[in-house]
Every structure is written in structure tokens, then in C-alpha cells.
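For reference, the structure is listed below as C-alpha cells.
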Amino acid sequence: MPNKRQLVPFVLRCLLVAAGWVVPSGLRSAWRARWHSILKSAWILFDRGELTLQKLLACGGGCLRDASYARKSREQWRHLVRSQRFLLAAAVIVLAVIGVASHGFSGTRALLRPFPIEDPDRLVAIRYSGAVGQPYGVPPSLIPLWRAQSSLLTGIAGYWHRPYVDHARVTTNFFGLLGVKPAHGRLFQPGDRNAAVVSDAAWRTRFGADPGLIGSRIRIEGTRYTVIGILPEPFWAISPRIGVWTPLELEPEPDPVLPFLIGAIGRLKPGASWNALRADLFRVAKTRYPRMPRQPETWAAVLPSRQLLGYLLGLAFAVAVGTFLIARQQPLLMRQGWPYWRFLSIKTILVTAIPFLVWIETGAAGVPMALFFLAACCFSVWWSFADQRQRCPECLERLALPVTIGSWSSVLEPVTTEFLCEAGHGSLCVPETEQGERGRWTALDASWRELFDNVTPQGR
């Protein structure tokens, strides 16, 4: 890791490059040369101990202020806002804010890391389900019965949590069944009552990564618990939202506050099949509930790697929908050069990454939230191409000066809107009615150059 004194020159160089984007292009070279000399001299004085860090930072602030003063007119600021570099810089800043708020995209990094559990392919979730909208799970009294009498499970654990709450209750063998090792402290043991285990994310965000959290008491839903352990960083269970786990009592009798159905997860013995497991669980359950109507359902436990696949499939679906809308509404200028397609590709990736990463980092669950973020990703793809259509294919500056021509009552001259490139490269004619022809780009001949040279601010 570089020390602070090695980092300062790099920060100053980045500051100079970023501030130079604001300066009009005609003045940029001379401006950067002048401020490079100033900042280099300031750094030399600072390195000698003749200048304080506060005055060095003040010099950097002067560089930013001078860059903003170099673009004095309102028209020049409008040109900056419509430029491609402003859009890309804004998208990068938004992504940087998301990264800071999520502690370096911790949710995304967790999806890419190996999940710290043993032999995940043998984990199986178990439940009974009814009609759509009804609760699902298993009766709490069945979990101890299956643990004692099933011949095809090496273990089974139960869990329960209220919707939209970051607290879950699990049986004391829950983490042992998964094969998870604590990052700090220990996990649940038989006989634990008022104990709590905290996720790494909750430890860092809610408790400020306090190393003294283990052994302290915290209040969860009106009850005080003693923190006994902290889980490893990429691990989550039940839901990425869960931050605190406390013991769930099922023996000798289930806790009376539990609902009729709770979650259950088991581990198959080597060589056991799911069909045989369902039959075995059904046989054991009928000894307690003779009128049990059917076998339980079993499916693979949801792990982060599979969750990542779901995110990627959702993103692919959103991109496909956005592409379909683009093909119907926004024809591209296919004969453009490499700068046109490079800007379009980078812009599409950046603006689509914003809702996609927010979706992952917030851990939003449920069909409504998934549909919301899929729609946001789809809109981002569509908007990127719509924005490209409103840019000059030569300089990639956003078009301006919309002028409506034609008449709504005329068939020979239908209503269209013309957008003009202020650098004089051409104009875009967009029909306002579905019956009209598709938008077309018209390049301006050399006779217009003198007009634009007089109107367009110099030194952009």
C-alpha cells in the first residue's frame, strides 16, 4: 500500500486531468500546462516541508475554481452539459457513490466469491405449500421428528423470520449443518438461549466493525442478546437482508410464538435421491400426522452463485426487451465510425450498470422489486440509444435548437421536429406522427460554416 506522501502526487495529477475536462478545448492545453507547473512547484515545496498539507490542498481547490472560471458564459456551460464527457463523468460518479455506500460493492463481491459452506450440492430445502399467496414451510414439530427418524438425512435444521425484518431465528445446529466457520467468536451450541450471531455486513454497517462487539449485549425486537460470533464476509443465509441470528427452540416443544409453518433445510446422505427422500419424510411424518395428504416438496437450496446467475439472466432479459424497443423506435446510423460505437457501448454499459448494481447491493427481494429493477435496466438500455439518436454522429455533442416545421392539418407537409448540431455538422429531422417517415440525418454543406463559426462560442 502506498503511503500518504506517495499518494498525494497521484491525486494531484488526477485532479488536473479531471478539472481539464471542464475547461474549453481551445484553452485546455495552455491551462493544463500552467496548472501542471503550479501544482508541481507546490508539491516540491510540500515535499521539502516548506508548505503545509492544508495549503497544498488549497492549491488544488484553486485549480478546480480556475477551471470553472475558464468556462464563463452560460452558453459554454450548456455545451459542457450536453457533451459526451459530462455524461460519462456523471455516470462514473454515480457508480463511485454506489461503491462507497456499499463498502466497495460488497454485495457484488460476495456473489463472486466461493460460498463458505461444505458440499452445497447435498443441501436440500423442504416445505409443504398450498395455494398461491398462502404460507409455506413445515410444521415445527416435524423437524425434530425427521432429525431422529429419517434414514436419508445426515441432519436437518429449522429457521423462521418475519418478512422484511433483518432478524432470523434458527435451530442451534443450523450453521453446523451448513458447515460454516465463524470469522470471530463462535457459533451456536446446544443449550444457547439469549445468544446472537451477527453477519459481517451488519457488523460493519450497524456496529462500525467494533472488535469488542463479541461479548456485548444488543437489543433485538425488545429482547437483549449476547453476541457470541461474527460470520465470514461472503456468507448469508435465508436472505441477504438477514443481519442477526438468534436460537430457535423446537424441543421438547416448539416455541408457542412460532407460526404453523416454518422453513427447513437438510443435508442428504451420500447416494440418496430426492424422490427417495420425499418418500422417507412422508413415511416419518405420517407417524405424527396420520392424515398427512402428500409428500413434502424438495428443491436445491439457493446459494449466491445461483443467485448471480438469476441476476445475469434478469439483466439479459432486460437488455433483450430494451433492444426490441430500440429496433422498433430508434433506427441507428449504421455507417458511423469507431468513436460513435465506442461512446455508445461505454455509455450503455455505465448507465445500465447503475440500476443493476443497486439491485444487487440493496439485496431487494420479491417479485415487485425484481420487476422494478428489470424495468429500470430495460429503460437504461433504451435511454442510452435514445440519447445517442439525439447526438451529432460527427462530434457526438447533444443536438440543440429543436424547431417544429410543417402542419398537423397538412398531408403533404407533416409535422416534424428538426434538431441542429451547433458545430454545423448537420441536422436531424424527426417525424411527430406515426405515419411519417423515420428520422433522417442531413449533413450541412460548406456554405453554412461561416454562420456557425460566428454563432458557436470559440474554444469549446
Side-chain angles (χ1 to χ4, degrees), residues 106-107 109-127 136-138 140 142-148 150 152-161 165-192 195-203 214 225 227-251 258 261-272 274 277 281 296-310 363 365:
S106 59
R109 288 188 288 109
L111 292 175
L112 300 175
R113 292 176 180 172
F115 204 47
I117 64 174
E118 296 178 357
D119 200 2
D121 292 335
R122 289 170 49 204
L123 291 177
V124 55
I126 307 167
R127 73 176 184 184
Y136 56 85
V138 301
L142 278 183
I143 294 177
L145 186 66
W146 281 337
R147 184 187 302 126
S150 174
L152 299 179
L153 289 176
T154 60
I156 184 171
Y159 61 88
W160 174 67
H161 74 105
V165 175
D166 65 350
H167 167 221
R169 298 175 63 187
V170 297
T171 54
T172 55
N173 68 328
F174 181 82
F175 296 112
L177 179 75
L178 299 179
V180 181
K181 306 298 182 183
H184 307 281
R186 66 174 180 86
L187 300 178
F188 295 131
Q189 296 176 356
D192 282 335
V197 172
V198 179
S199 71
D200 180 84
W203 177 55
I214 295 179
Y225 296 90
V227 178
I228 62 172
I230 298 172
L231 294 167
E233 181 180 358
F235 176 81
W236 62 264
I238 306 173
S239 168
R241 183 185 296 111
I242 303 300
V244 180
W245 288 264
T246 56
L248 173 65
E249 295 297 326
L250 297 181
E251 296 181 283
L258 293 179
L261 298 174
I262 64 173
I265 186 169
R267 184 176 288 276
L268 277 171
K269 289 184 176 180
W274 285 17
L277 174 64
L281 295 179
E297 301 174 8
T298 57
W299 75 100
V302 178
L303 301 178
S305 58
R306 294 177 180 140
Q307 190 184 34
L308 175 61
L309 178 61

Non-hydrogen atoms of [X] and [Y] that approach each other most closely:
X: Ile143; Y: Ala264; answer: CD1-CB, 4.0 Å
X: Pro270; Y: Arg122; answer: CD-NH2, 3.7 Å
X: Leu177; Y: Gly266; answer: CD2-CA, 4.1 Å

Notebook entry, point to check: Taking side chain as C-beta onward, heavy atoms only, is Phe174 less than 4.5 Å from Ile265?
Noted result: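 Yes, their side chains come closer than 4.5 Å.
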Margin query: Taking side chain to side chain donor-acceptor pair (under 3.5 Å) as the definition, give me every residue that meets it alongside Glu251, ordered by chain and number, with sequence neighbours left out.
Written below: Arg147
What's the separation between atom [atom1] in [X] and atom [atom2] in [Y], rounded to the nearest 0.5 Å?
X: Trp203; Y: Ile214; atom1: CH2; atom2: CD1; answer: 8.0 Å
X: Leu281; Y: Ile156; atom1: CG; atom2: CD1; answer: 6.5 Å
X: Glu297; Y: Arg127; atom1: CD; atom2: CZ; answer: 5.0 Å
X: Leu277; Y: Leu268; atom1: CG; atom2: CG; answer: 5.0 Å
X: Lys269; Y: Thr154; atom1: NZ; atom2: OG1; answer: 7.5 Å
X: Asp192; Y: Thr171; atom1: CG; atom2: OG1; answer: 12.0 Å

Counting only pairs under 3.5 Å, give me each side-chain donor-acceptor contact of residues 242-249, with atom names and distances, residues two or more places apart or in other chains.
unit_1	atom_1	unit_2	atom_2	d
Thr246	OG1	His167	NE2	2.7
Glu249	OE2	Arg193	NH1	2.9

Check: Under the criterion side-chain contact (heavy atoms from CB on, under 4.5 Å), which of Ile230, Leu231, Val180 is the partner of Val197?
Finding: Leu231
Next item on the list: Sorted by first residue and then second, give each salt bridge (charged side-chain N to carboxylate O under 4.0 Å, His left out) pair with at least one member in residues 168-178; sequence neighbours left out.
Entry: Arg169-Asp255
Item checked: Check: Val124 main-chain N/O paired with Thr298 side-chain donor or acceptor under 3.5 Å ->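 No: the side chain of Thr298 does not pair with the backbone of Val124.
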